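Take a look at the structure set out below.
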Number of protein chains: 2
Amino acid sequence: MKKHLPKKIKFAVIGAGNGGQAIAGYLAYKGYQVNLYNRTMKSIKKIKETGYIDLEGSVNGRGKLNLVTDNIAKVIKNVDIIMIVLPASAHKFIANKISRFVTQNQYIVLNPGRTGGALEFKNILKKHDPFKNVCIVEAQTLLFACRAIEQGKIKVFSRKEEVKVAALPATKTNKFIHLIGQAFPEFTPAESVLETSFNNIGAVLHPIPTILNCGRIEDTKGNFQYYIEGITPAVAKIIEQVDYERMLVAKALKIDVLSLMDWLEYTYNTHGDTLCQALQNTNGYYGIMAPENLDTRYIFEDVPQSLVPIWDMAKHLMIPTPTIDSMIHLASVLHNTDYYLSGRTIVDMGLEGLSLEEIKEFVKTGHILDVKGVEV
Amino acid sequence: MKKHLPKKIKFAVIGAGNGGQAIAGYLAYKGYQVNLYNRTMKSIKKIKETGYIDLEGSVNGRGKLNLVTDNIAKVIKNVDIIMIVLPASAHKFIANKISRFVTQNQYIVLNPGRTGGALEFKNILKKHDPFKNVCIVEAQTLLFACRAIEQGKIKVFSRKEEVKVAALPATKTNKFIHLIGQAFPEFTPAESVLETSFNNIGAVLHPIPTILNCGRIEDTKGNFQYYIEGITPAVAKIIEQVDYERMLVAKALKIDVLSLMDWLEYTYNTHGDTLCQALQNTNGYYGIMAPENLDTRYIFEDVPQSLVPIWDMAKHLMIPTPTIDSMIHLASVLHNTDYYLSGRTIVDMGLEGLSLEEIKEFVKTGHILDVKGVEV
């Protein structure tokens, strides 16, 4: 009888930050074989010694890991699903690193991809080997809200009821969801990676209040409630403008996106006459403090991997985004970095020169056909 | 012998805010004949009743006024010098109002003009009557730092040792300084109104910290020290970038301007390794609190009448100013106003279509000559 039982899928988790430890620990606790990778051994030394991760909070239990390593080739060998749980700013690095070792029958899942993550990842793999066709999956957000109490001990604050995912190509989304379904029944299909990418609400909620409170963050070392005190009617006005520009791009791409207001209602069931009121009515935001300084992923991740790809897609579609432009420029000055240059562009996403129809075709099928139906 | 004594010049002061009351009171105290105008009687009711303004602080004494009125024709009748002491956002209104009544032998002095004030004023007068050639003078800043304790009672905190002024045309600057010299020996000549306009440091110090502290201003009702707590290293970085862009434009116009750092040294004798340090070392900035809300002239005056003319001149000279653009755009969103549209442009300044050489010629002589030397 044994041979008829469904094969239990094997996982590699890339990245041992808060999110990576939570996902690795959770999967191992559920009985899956899990390999955990981190770029530096220092951050996983203790986990390697004990061999397990403890979870508490929304999930309680211990997950015993199969392998803990800083060797990318070993960690992904013979696994079915590679869960990337890294700041999006590290996607390029890890894609280049993993490309030689990944095989066609493996799925790579970005948790989350921010904007254009799967497209960029796919494009990098393609450059290394145009004939190796790996399916990249993009999750819209991270399943868990969690924090590491110490190495190997994770506090899980909450677990989302639903996380939208899309495969690239989208024709493989259902197959992927079927495969991972037992482990993550929360994953539900999005139309394509464009939907997961342009519903990236972090693009709106992370950099704008940080930049518009840059003085206060530095002067008080972040000693104010980020959402409750940091987002006043004026800050909310700028946020809404950025959100509006994001939705203009999404609309041009003909994808369903939620406005920030609708997202707050959908995710937290909060309402308000204005965005500022709706945020004030979101209980979960009370007590969340601002970043302690401006060296925060709210800028160094969400500007180059969220705002820049939205900006560049807008440019590609000839949609003006003056508020997003302002934010990218100010972030660039603040961080002495040209985020327009270092961020994720249409070229990085492999969409250069493609028409809207070709982009839609590509995210659906993974192919771009010319007028005669020949792949280009 | 009496007929050989120099004729004592007569003044009209337009605007009875803090600065207008200080200048009117001071001139009257020094024995000049002064008429005071305000658009609404309410703000000058008490002064009209008593007929005088009291000064205390750097200047102590009482100035008896000749006339207090809301009638623009009467206030400027038979005076030699018309001192405009209004937010620059009111210059357009007052230029249109005064145009019918002003005569060729009168000087109009903008205290200060912000950027392009004299040019705009001149352009408006010219539209009303191309043959009436009134000399407009632009002061770089207001002579006094002062505040009204009550109507007719002014606290003068300090008085600048030097204020640069330029006439339009610049060929008349020395004549004007000679005329006003006894009343205001602090006035020293600038090369042209381009110098006074592009040394407008308020363009840099007013809107940027206000916009980058918009959340904190709203959340605390301005309860923090504007320069000391509001300008952190990050805010200073953006300020320096705006300052750099302003100087690029000035350099292209071939005029001498001080950087903000040099201006702090020149004005307050303060130094620092960084702009932020230099500001922290400026004793005069301690205790100055932020505006109580965002309905402040730091935005509604300094964006349209300082940043917009710098931006439009930059565009005219094909100089990119991305940081200034960001600030104008954010201010526009915050105030639900298109400041690009309502602000002072090249067209408002009467410089549309002029080459750099023609602009330089115009501010010097008041004429624009074509290649054959014929006025156009």
Side-chain angles (χ1 to χ4, degrees), chain A residues 208-245 276 279-280 290-291 293-296 299 311 320-340, chain B residues 208-245 276 279-280 290-291 293-296 299 311 320-340:
Chain A
I208 316 330
T210 303
I211 292 166
L212 292 175
N213 282 289
C214 64
R216 191 177 193 181
I217 286 172
E218 283 193 325
D219 189 47
T220 68
K221 297 188 172 55
N223 188 23
F224 62 94
Q225 296 187 72
Y226 182 74
Y227 292 97
I228 302 306
E229 294 167 303
I231 303 184
T232 62
V235 175
K237 245 184 210 172
I238 311 277
I239 290 176
E240 277 194 302
Q241 205 58 32
V242 168
D243 200 47
Y244 172 73
E245 293 173 5
C276 196
L279 289 163
Q280 302 282 328
N293 57 56
L294 295 173
D295 184 20
T296 163
I299 295 181
W311 159 81
T321 54
T323 319
I324 290 176
D325 300 6
S326 299
M327 289 298 137
I328 297 172
H329 178 70
L330 293 177
S332 298
V333 175
L334 289 176
H335 276 187
N336 302 314
T337 302
D338 188 343
Y339 280 126
Y340 286 109
Chain B
I208 317 326
T210 303
I211 292 166
L212 292 175
N213 282 288
C214 63
R216 192 177 192 180
I217 286 172
E218 284 193 325
D219 188 47
T220 68
K221 297 188 171 58
N223 188 24
F224 61 95
Q225 296 187 73
Y226 182 74
Y227 292 97
I228 302 305
E229 295 168 301
I231 304 184
T232 62
V235 176
K237 245 184 211 172
I238 310 277
I239 289 176
E240 277 193 302
Q241 204 57 32
V242 168
D243 200 45
Y244 172 74
E245 293 172 4
C276 196
L279 289 164
Q280 302 282 326
N293 57 56
L294 295 173
D295 184 22
T296 163
I299 295 181
W311 159 81
T321 53
T323 320
I324 291 177
D325 300 5
S326 299
M327 290 297 138
I328 297 172
H329 178 70
L330 293 178
S332 298
V333 175
L334 289 176
H335 276 187
N336 301 316
T337 303
D338 187 343
Y339 280 127
Y340 286 109

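So that the names make sense, note that chain A is the first sequence line, chain B the second, and so on, each numbered from 1. Predicted model, so just to flag it, every value in this text is computed and none were measured.
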- Note on the structure: Comparing B/D325, B/I217, B/I238, B/N213 against chain A, the one with the most heavy-atom pairs below 4.5 Å turns out to be B/I238
- Between B/W311 and B/E245, does a side chain to side chain contact (heavy atoms under 4.5 Å, CB included) hold up when you go through it step by step? CA-CA 9 Å; B/W311 159 81; B/E245 293 172 4; over 6 Å; no
- Residue, of B/R216, B/K237, B/E240, B/E229, that accumulates the most heavy atom pairs under 4.5 Å with chain A: B/R216
- Bottom line for A/L294: the part with an atom under 4.5 Å from chain B's heavy atoms is side chain
- Heavy-atom distance under 4.5 Å to chain A: side chain of B/T220, backbone, both or neither? side chain
- Just by modelled atom types, is the B/H335 backbone N or O under 3.5 Å from a matching donor or acceptor in the B/T337 side chain? yes
- Message: Please classify the contact of B/P209 with chain A as side chain, backbone, both or neither, using a heavy-atom distance under 4.5 Å.
- Response: neither
- Task: Would you kindly say whether A/E218 and B/T232 are connected by a side-chain donor-acceptor distance under 3.5 Å?
- Result: yes
- Query: How about B/F224: does its CZ atom have over 12 heavy atoms from other parts shown lying under 6.0 Å from it?
  - Reply: yes
- Message: For the residue pair B/T323 / B/Y244, report whether a side-chain donor-acceptor contact shorter than 3.5 Å exists.
- Response: no
- Any donor-acceptor N/O pair, B/S332 side chain to B/Y339 backbone, under 3.5 Å: yes
- Greatest number of non-hydrogen atom pairs under 4.5 angstrom with chain B, of A/V333, A/I211, A/N336, A/V235, falls to A/V333
- Query: Heavy-atom distance under 4.5 Å to chain A: side chain of B/Q241, backbone, both or neither?
  - Reply: side chain
- Note on the structure: Greatest number of non-hydrogen atom pairs under 4.5 angstrom with chain B, of A/A236, A/P322, A/C214, falls to A/P322
